Number of protein chains: 2
Amino acid sequence: MTPIRIAVVDVGGTVASDDDNKQRMTTIDEIARLAGVSPATVSKVLNNRPYVSDLTRARIERVIAETGFVPSQRARGLSQRRSYILGLLIPYTSDELFADPHLLEIMRGIEAETNCHEYNLLLSTSRAALDAVSACLRMLRSDVIDGAIMVETLDILPYTDALSTQAAPWVMIGYPRQGDVRAVHADDYGGALLATRHLINLGHRHIAVITSTPRPFALEERLRGVRDALATSGLPLDERLLLTGDFSIESGERAGAQLLALPEPPSAVFALNDRMALGVIRSALAHGKRVPEDLSVVGFDDIALASLLNPALTTVRQPGFAMGQAAARGFFALLDGQPFAVPTVIPTELIVRGTSGKA
Amino acid sequence: MTPIRIAVVDVGGTVASDDDNKQRMTTIDEIARLAGVSPATVSKVLNNRPYVSDLTRARIERVIAETGFVPSQRARGLSQRRSYILGLLIPYTSDELFADPHLLEIMRGIEAETNCHEYNLLLSTSRAALDAVSACLRMLRSDVIDGAIMVETLDILPYTDALSTQAAPWVMIGYPRQGDVRAVHADDYGGALLATRHLINLGHRHIAVITSTPRPFALEERLRGVRDALATSGLPLDERLLLTGDFSIESGERAGAQLLALPEPPSAVFALNDRMALGVIRSALAHGKRVPEDLSVVGFDDIALASLLNPALTTVRQPGFAMGQAAARGFFALLDGQPFAVPTVIPTELIVRGTSGKA
DNA sequence: TATCGCTCGGAAAGCGCTTGCTTAATGTTG
DNA sequence: CAACATTAAGCAAGCGCTTTCCGAGCGATA
């Protein structure tokens, strides 16, 4: 039964070879024919349903194995209303995503959990933040995915409503700023509290903070932690020592340079993410300052790089993997109609290394 | 026609609410009804086909906009035989993938290109390498994806045949060790040649090399480059200075320690990837050696971290982004029935920084 | 006026699976 | 032995789109 290759030459000049008719070689009907049963029975075998005799089942399974038949997910999805695909919505450009080790850790956690559930991960990034969310909405509506996990953005609020009207389950990684949104986030407040106290305990009184603008809610929480820790020690945050960056190393470098140029430079800097902390260290070194002797630096995230530097970075560990995993677990629970019973606040932890020292 | 919400309480105690019937709210038939036309006409509008009057088209478009209707990709895929999903097969565990900046760069390149083509990226990692490939085969057969890009592994050979029998296009990132496999890879040989010559020119005569085992073909090529460069200078590779790691920083550290314990330690080390090079540097520092004064170190890949260290790493830049992008471009060309006309060998480049110095 | 070529719109047959319902053949009970 | 339950298998109607084909309408051409 070797297929004969025929190249049909059209008058117009286009050539239609059998490359074009990408039809499935085997369908469930073909299997049914080969096994001498009806497609319905084959379907029962494929889905491990009862009411098929052992004999028939064995025969069908043999045919399936021999032909290497795999049922079409498209067709199956159409009648089962499931695609077995989980959408991962990252409302950043791919550049931003891949430059952010913390996001990648979250993604790793989700991917690991997805692997355990016979689900596939569809990655969706975007150019503009809003585009991504509406793209996700389109995906949900268009049945491409069975649900989504999305990373919180500043501009997500107008969309959470729309998302919530969808029947498909979805989970946010971030803060539930609204009603019944399922969300998982780190204990940003607690982490910042610990880090700030750490610096205070080391005798620092001039503590600079580098945040970002506009601030995602997580950074808002970290800043609140800083303020509370300082206030408890009677040290209000000096607003001149509150600078903003954009999460990148370069922005940390700029902020560092700015701080060192101050008439009364701080003795410690708490950068609200690790990459900016690295930038601060670079600028300090460039200005001939020693870390931590002349300047203590603390970061937030604990990216892999933090422990590789010399001296290694003191930072607040934010377990991205666990966050991603928890979000994915929650998602699958919702998908199975079960309650969203996962830890929604993931603890953070202060990791004291080499970049923080006595004032 | 408001649906009436009925909660049916089963004797068994389970509650079936209308949460369960996740049916689409809007279908093409609904739109057709609202616009007073047939579904066929709506389909023409959705697919931007001719033979619909401007008036009718406008009316249908208005209804679509008002209802926020998005056609079901499942159904569309079934009849169009397209899923608009590209499978990315990474035959590594997610741990390995996310620990490898070079792989992530490749992924970024693919993702960037995918975004330009209205395609979605389905990520597929695995536990065992072979599993991944057969999983990919299943995906192709099951119509989940329209084709795939996969990263070469050692064990891929037995599968390339199977993949090639599939009608769906696929592209490999790695070396085409066989017939008509479409592949994209870096100029590993040339890069290694340059790096080795660089060390020789600096006066090094005792050059150690850290490879991995088992060796992917790319590393085979790099090693060949090293051998040729050394041979040209009449310096055969001292096999005692050829160590193996597993790509990780830790393995580089172990290899470094081993080299430094040698009676005649090398004056330079060429690690065939950056992470192992970083490990060598760490172990050198731990042994009280200075880099590059006491030991020159050169890596391969040019991961982001390489330029951040102090001193920054001398390395061979392997443009992962460009490789991923080229592979994806080739893939889309094949998908459109066009020839695979992309550069298949991506040039590498020696980046001289601070970790290599005079012998 | 008869013929042609074109546009516009719809009927209906898929795409490849699942599933509710039906029927026939068993086994089980009083 | 009649009445019933249970198993085994199949028919056929979907799932929500696309697409081929067909016919109606209409102006242009002969």
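Keep in mind the model is a prediction, meaning the values are calculated, not measured.
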Rounding to a whole Å, what distance do you find between [X]:[atom1] and [N]:[atom2]?
X         : N       : atom1 : atom2 : value
Ile28(B)  : dG16(D) : CD1   : P     : 12 Å
Arg141(A) : dG16(D) : CZ    : P     : 16 Å
Arg33(A)  : dG10(D) : CZ    : P     : 15 Å
Tyr84(A)  : dC17(C) : OH    : P     : 14 Å
Asp29(A)  : dG14(C) : CG    : C1'   : 12 Å
Arg74(B)  : dG14(C) : CZ    : C1'   : 20 Å
Asp143(A) : dG16(D) : CG    : P     : 8 Å
Arg59(A)  : dA8(D)  : CZ    : C1'   : 12 Å

What pairs with [X] under side chain to side chain donor-acceptor pair (under 3.5 Å), at least two apart in sequence or on another chain?
X         : result
Arg76(A)  : none
Thr114(B) : none
Asp29(B)  : none
Arg57(A)  : none

Review point. What heavy-atom pair brings Asp146(B) and Leu335(B) nearest, and what distance separates the two atoms?
Key: O-CD1, 4.0 Å
Point to revise | Pairs flagged by side chain to side chain donor-acceptor pair (under 3.5 Å) wherever residues 329-338 of chain B is involved - sequence neighbours left out | key: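 Every pair satisfying side chain to side chain donor-acceptor pair (under 3.5 Å) with a residue in residues 329-338 of chain B: Glu113(B)-Arg329(B).
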Can you check whether [X] has a side-chain N or O nearer than 4.0 Å to OP1 or OP2 of [N]?
X        : N       : result
Ser53(A) : dA9(D)  : yes
Arg81(A) : dG16(D) : yes
Tyr51(B) : dT7(C)  : yes

Check your understanding: How far does CZ of Phe321(B) sit from CG of Asp95(A), to the nearest 0.5 angstrom?
Key -> 6.0 Å
Using nucleotides 19-22 of chain D, report all nitrogen or oxygen pairs with the protein that are shorter than 3.5 Å.
unit_1: dT19(D); atom_1: OP2; unit_2: Arg49(B); atom_2: NH1; d: 3.4

Review point. What residues form a ring-ring contact (aromatic ring centres under 6.0 Å, His included) with Phe332(B), not counting sequence neighbours?
Key: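 ring-ring contact (aromatic ring centres under 6.0 Å, His included) list for Phe332(B), sorted by chain: His117(B), Tyr119(B).
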Exercise for review: Work out how much the helix from dT1(C)-dA30(D) to dG30(C)-dC1(D) bends between its end axes, five pairs an end, to the nearest 10 degrees.
Suggested key: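 So the angle between the two local helix axes works out to 50°.
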Practice item. With the side chain of Ser72(B) defined as its heavy atoms from C-beta on, choose the nearest nucleotide among dG9(C), dC17(C), dC17(D). Key: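 Of dG9(C), dC17(C), dC17(D), dC17(D) is nearest to the side chain of Ser72(B).
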Review point. Quick one: on DNA chain C, does Ser38(B) or Ala75(B) contact a more 5' nucleotide (nearest heavy atom)?
Key: Ser38(B)
Exercise for review: Output every pair passing salt bridge (charged side-chain N to carboxylate O under 4.0 Å, His left out) with a member in residues 38-55 of chain B, not counting sequence neighbours, ordered by first then second residue.
Suggested key: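 Not a single pair qualifies under salt bridge (charged side-chain N to carboxylate O under 4.0 Å, His left out).
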